[in-house]
Undergrad: 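I have a structure here, written as structure tokens, and I will follow up with some questions on it.
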Amino acid sequence: MLTLCFGTRPQVIKASVLLKSLRSRWPVTTIDTGQHYDYELNGLLYRQLEVPPPDHFLEVGSAEPAGQTAEVLRRAAQVLQRNPPAAVIVIGDTNSTLGCALAAQKGNFPLVHVEAGLRASEPNLPEEVNRRVVDVIATLLCAPSPANAARLRSERVPGTIVTTGDVARDVLVRHLALARRTEGPTRFAVATIHRAAITSDPDALRSVIQAMGKLGMPVLFALHPRTRLALERFDLLRGIPASVSILPPLGYLEAIAAVRDATVVITDSGGLQREAYWLGTPCVTLRSETEWVETVECGANRLVNPQDAGEELVRAVQEQSRKQQECPWTTDAYGDGHAAERVTEAIASGFPQLHSTH
Ligand code: UD1
């Protein structure tokens with residue numbers, strides 16, 4: 001038996017395809033930490049992506065980062081102790097990923113890290129320490145790209161490294177046909193922001209939103225709860241430009257439809273950067289660096305430091321928007337849409353004792 005852990009919006013998306021593939025071979029129990037609990041962030045995705053209700057729901061919810069991680073660790077450890085798996089699978093780099101990975105390590109269960117080997121140099125990025133710690137303690141590391149695998153090798157992590165591709169592409173390939181056309185204007189930008197670098201900096205948030213009003217096209221701005229709270233706290237809701245429409249967080253199908261149909265994407269989300277790349281829509285990323293370097297190297301993505309967004313954001317969006325008429329880029333940097341099968345194969349070869357549980 002395997003245990004698959006998730007808890008935030010992007011993890012529910014990736015778990016949907018992993019769970020189907022893993023369950024075709026072995027029994028799998030699931031743990032949802034409950035880090036995300038809003039219907040739009042979590043429940044809607046369960047429905048759209050047909051994720052069965054989790055076997056264990058930890059109801060961790062929001063807290064300061066240390067408390068949130070500690071609660072995930074404590075509650076996940078209890079579940080693993082009561083139902084010992086042959087291996088624990090974690091995804092990505094959130095506080096849920098770290099908490100569940102530590103629970104596996106403390107209980108002596110082999111650990112599989114899906115989305116291993118991503119790196120940034122921002123020392124204060126919460127996800128950075130999470131992913132580095134998980135990569136060091138993982139038994140099997142599934143890297144989305146060859147560069148991610150090379151990075152892990154250069155760091156001499158003790159686990160086995162396999163390049164599998166990105167499971168997020170599998171989900172996109174399977175669901176794109178179900179994504180209905182976005183209603184409204186033909187030329188528009190779709191925007192999302194959720195990272196602390198912008199949401200905890202009122203000046204950066206204000207300048208990004210003001211720049212969104214100067215793009216010469218309407219902006220659909222899907223608000224993450226953290227960003228809505230920040231806009232309220234800094235009293236910025238009243239200053240939203242008329243061309244910027246505020247929306248609740250989008251469901252998965254609505255999000256990929258908006259990215260596909262948009263002229264340009266403006267985001268600080270790793271997920272949207274790749275979806276824009278796969279769908280041939282140019283992207284402007286509001287960060288000084290990205291873990292998804294391949295998207296920048298081919299011109300699909302361009303970085304703008306949110307601390308001095310303003311005119312630079314307007315210029316970057318205008319230049320990126322022109323790319324839509326030209327041919328986009330090749331889209332094979334993160335595999336071919338069969339990453340979940342490769343993760344499953346890597347687990348089968350890495351843990352031969354699993355065969356007996358079938
Ligand atoms: C988390 C991940 C991030 C991932 C993102 C996707 C960490 C450190 N960060 O950030 O890597 O890209 O999820 O969305 O784990 N909130 C709600 N409803 C919810 C969940 C959160 O209102 O369902 C609010 C809470 O008030 C909380 C804030 O949003 O203070 C932020 O939640 P948090 O758990 O810190 O994660 P994200 O910012 O979503």
Side-chain angles (χ1 to χ4, degrees), residues 5-16 31-47 49 54 57-73 75-76 90-103 113-116 118-120 122-135 144 166-168 171 191-201 205 221-234 247-252 255 267-275 285-287 289-292 306:
C5 308
F6 46 94
T8 64
R9 169 166 65 175
Q11 289 165 338
V12 175
I13 293 170
K14 292 163 197 161
S16 70
I31 296 180
D32 182 336
T33 65
Q35 176 171 342
H36 283 173
Y37 45 88
D38 280 0
Y39 179 71
E40 288 103 338
L41 284 194
N42 197 329
L44 179 55
L45 299 185
Y46 267 90
R47 196 160 59 73
L49 302 177
F57 186 51
L58 305 185
E59 294 185 82
V60 163
S62 297
E64 35 68 50
Q68 188 178 52
T69 310
E71 274 311 307
V72 172
L73 166 54
R75 296 181 198 191
V90 297
I91 310 166
D93 54 17
T94 68
N95 293 336
S96 291
T97 313
L98 177 61
C100 292
L102 289 173
H113 188 200
V114 174
E115 211 171 279
L118 272 70
R119 292 293 179 268
E122 293 167 56
N124 296 327
L125 189 70
E127 291 82 0
E128 187 62 24
V129 67
N130 293 349
R131 58 170 87 108
R132 282 176 184 261
V133 171
V134 177
D135 282 342
D166 183 355
V167 291
V171 188
T192 73
I193 294 171
H194 74 278
R195 284 175 193 271
I198 307 181
T199 57
S200 58
D201 180 342
L205 190 54
F221 186 17
L223 274 197
H224 187 283
R226 179 201 275 270
T227 314
R228 177 173 287 282
L229 287 175
L231 290 174
E232 284 163 5
R233 186 153 29 103
F234 303 136
L247 304 174
L250 302 177
Y252 180 75
T267 192
D268 62 359
S269 145
L272 256 70
Q273 290 174 52
R274 273 125 68 223
E275 280 149 9
T285 294
L286 290 163
R287 289 184 59 196
E289 64 179 322
T290 179
E291 296 78 7
W292 305 101

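Counting starts at 1 for both ligands and their atoms, in listed order.
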Undergrad: Taking atom CZ of Arg195 and atom CG of Asp268, what is their separation to the nearest 0.5 Å?
TA: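 It comes to 5.5 Å.
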Undergrad: Out of His194, Glu128, Arg195, who gets a non-hydrogen atom closest to atom 12 (O) of ligand 1?
TA: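 Ranked by closest heavy atom to atom 12 (O) of ligand 1, first place is His194.
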Undergrad: Step by step, would you call Asp135 with Arg119 a salt bridge (charged side-chain N to carboxylate O under 4.0 Å, His left out)?
TA: CA-CA 11 Å; Asp135 282 342; Arg119 292 293 179 268; 2.9 Å; yes
Undergrad: Can you tell me if CZ on Arg132 sees more than 12 non-hydrogen neighbours from other groups inside 6.0 Å?
TA: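 Enclosed.
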Undergrad: May I ask you to identify the nearest protein heavy atom to atom 25 (C) of ligand 1, giving residue, atom name and distance to one decimal place in Å?
TA: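 For this ligand atom, the closest protein heavy atom is Ser62 OG, 3.1 Å.
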Undergrad: So do Arg9 and Pro249 actually touch side chain to side chain, heavy atoms under 4.5 Å?
TA: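 Contact flag for Pro249/Arg9 side chains = yes.
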Undergrad: Between the main-chain N or O of Pro65 and the side-chain N or O of Thr69, is there a donor-acceptor pair closer than 3.5 Å?
TA: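 Looks like yes, one N/O pair under 3.5 Å.
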Undergrad: How far is atom 35 (O) of ligand 1 from its nearest protein heavy atom, and which residue and atom name does that atom have?
TA: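 Closest protein heavy atom to atom 35 (O) of ligand 1: Arg226 NH2, 3.3 Å.
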Undergrad: Under 3.5 Å, is there a donor on one side chain and an acceptor on the other for Gln11 and Ser96?
TA: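 Per modelled atom types, Gln11 and Ser96 side chains form no pair under 3.5 Å.
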Undergrad: Are side-chain heavy atoms of Val72 and Asn95 found at a separation under 4.5 Å?
TA: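 Heavy-atom side-chain distance check fails, nothing below 4.5 Å.
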Undergrad: Can a side-chain donor-acceptor contact be found between Thr267 and Thr192 if the only test is distance below 3.5 angstrom?
TA: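 Checked: Thr192/Thr267 side chains pair up, N/O donor to acceptor below 3.5 Å.
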Undergrad: Determine, considering heavy atoms only, which of Gln11, Glu127, Arg131 sits nearest to atom 11 (O) of ligand 1.
TA: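 The option holding the nearest heavy atom is Glu127.
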Undergrad: Can you confirm whether the side chains of Thr97 and Glu127 place a donor and an acceptor under 3.5 Å from each other?
TA: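 Glu127 and Thr97 do not have a side-chain donor-acceptor pair below 3.5 Å.
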Undergrad: Mind checking whether Leu41 contacts ligand 1 via backbone (N, CA, C, O), side chain (CB onward), both or neither, at a 4.0 Å heavy-atom cut-off?
TA: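 Side chain only.
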Undergrad: Counting non-hydrogen protein atoms only, what is the nearest one to atom 16 (N) of ligand 1? Give residue, atom name and distance.
TA: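 It is Tyr37 OH, 3.5 Å.
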Undergrad: For ligand 1, find out whether one of its N or O atoms is nearer than 3.5 Å to an N or O atom of His36.
TA: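 Looking only at distances, the answer is yes, because the N/O contact criterion of under 3.5 Å is met.
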Undergrad: Could you check atom 2 (C) of ligand 1 against the protein and tell me its nearest heavy-atom contact, residue, atom and distance included?
TA: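 Going by distance alone, atom 2 (C) of ligand 1 is nearest to Thr94 CG2, 3.8 Å.
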Undergrad: Around atom 22 (O) of ligand 1, find the nearest protein heavy atom and jot down its residue, atom name and distance.
TA: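 Answer, as residue, atom name and distance: Pro225 CB, 3.1 Å.
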Undergrad: Under 4.0 Å from atom 32 (O) of ligand 1, is there at least one protein heavy atom?
TA: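 No, there is no protein heavy atom closer to it than 4.0 Å.
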Undergrad: Evaluate the side-chain proximity of Glu122 to Glu128: yes if any heavy-atom separation is below 4.5 Å, no if none is.
TA: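 A side-chain contact is absent here, since even the closest heavy-atom pair is not under 4.5 Å.
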Undergrad: Between Gln35 and ligand 1, does any nitrogen or oxygen pair lie at a separation below 3.5 Å?
TA: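 N/O-N/O distance below 3.5 Å exists for this pair.
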Undergrad: Decide whether the shortest distance between a heavy atom of Gln68 and an atom of ligand 1 is less than 4.0 Å.
TA: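 Gln68 counts as a contact of ligand 1 under the 4.0 Å cut-off.
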Undergrad: So, 4.0 Å and heavy atoms of His224: is ligand 1 close enough to count as a contact?
TA: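 Contact check His224 vs ligand 1: positive.
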Undergrad: Counting heavy atoms only, which of Pro10, Ser96, Gly34 comes nearest to atom 6 (C) of ligand 1?
TA: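 The residue whose heavy atom sits nearest atom 6 (C) of ligand 1 is Pro10.
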Undergrad: So which protein heavy atom does atom 26 (O) of ligand 1 come closest to, and at what separation?
TA: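 For atom 26 (O) of ligand 1, the nearest protein heavy atom comes out as Leu229 CD1, 3.5 Å.
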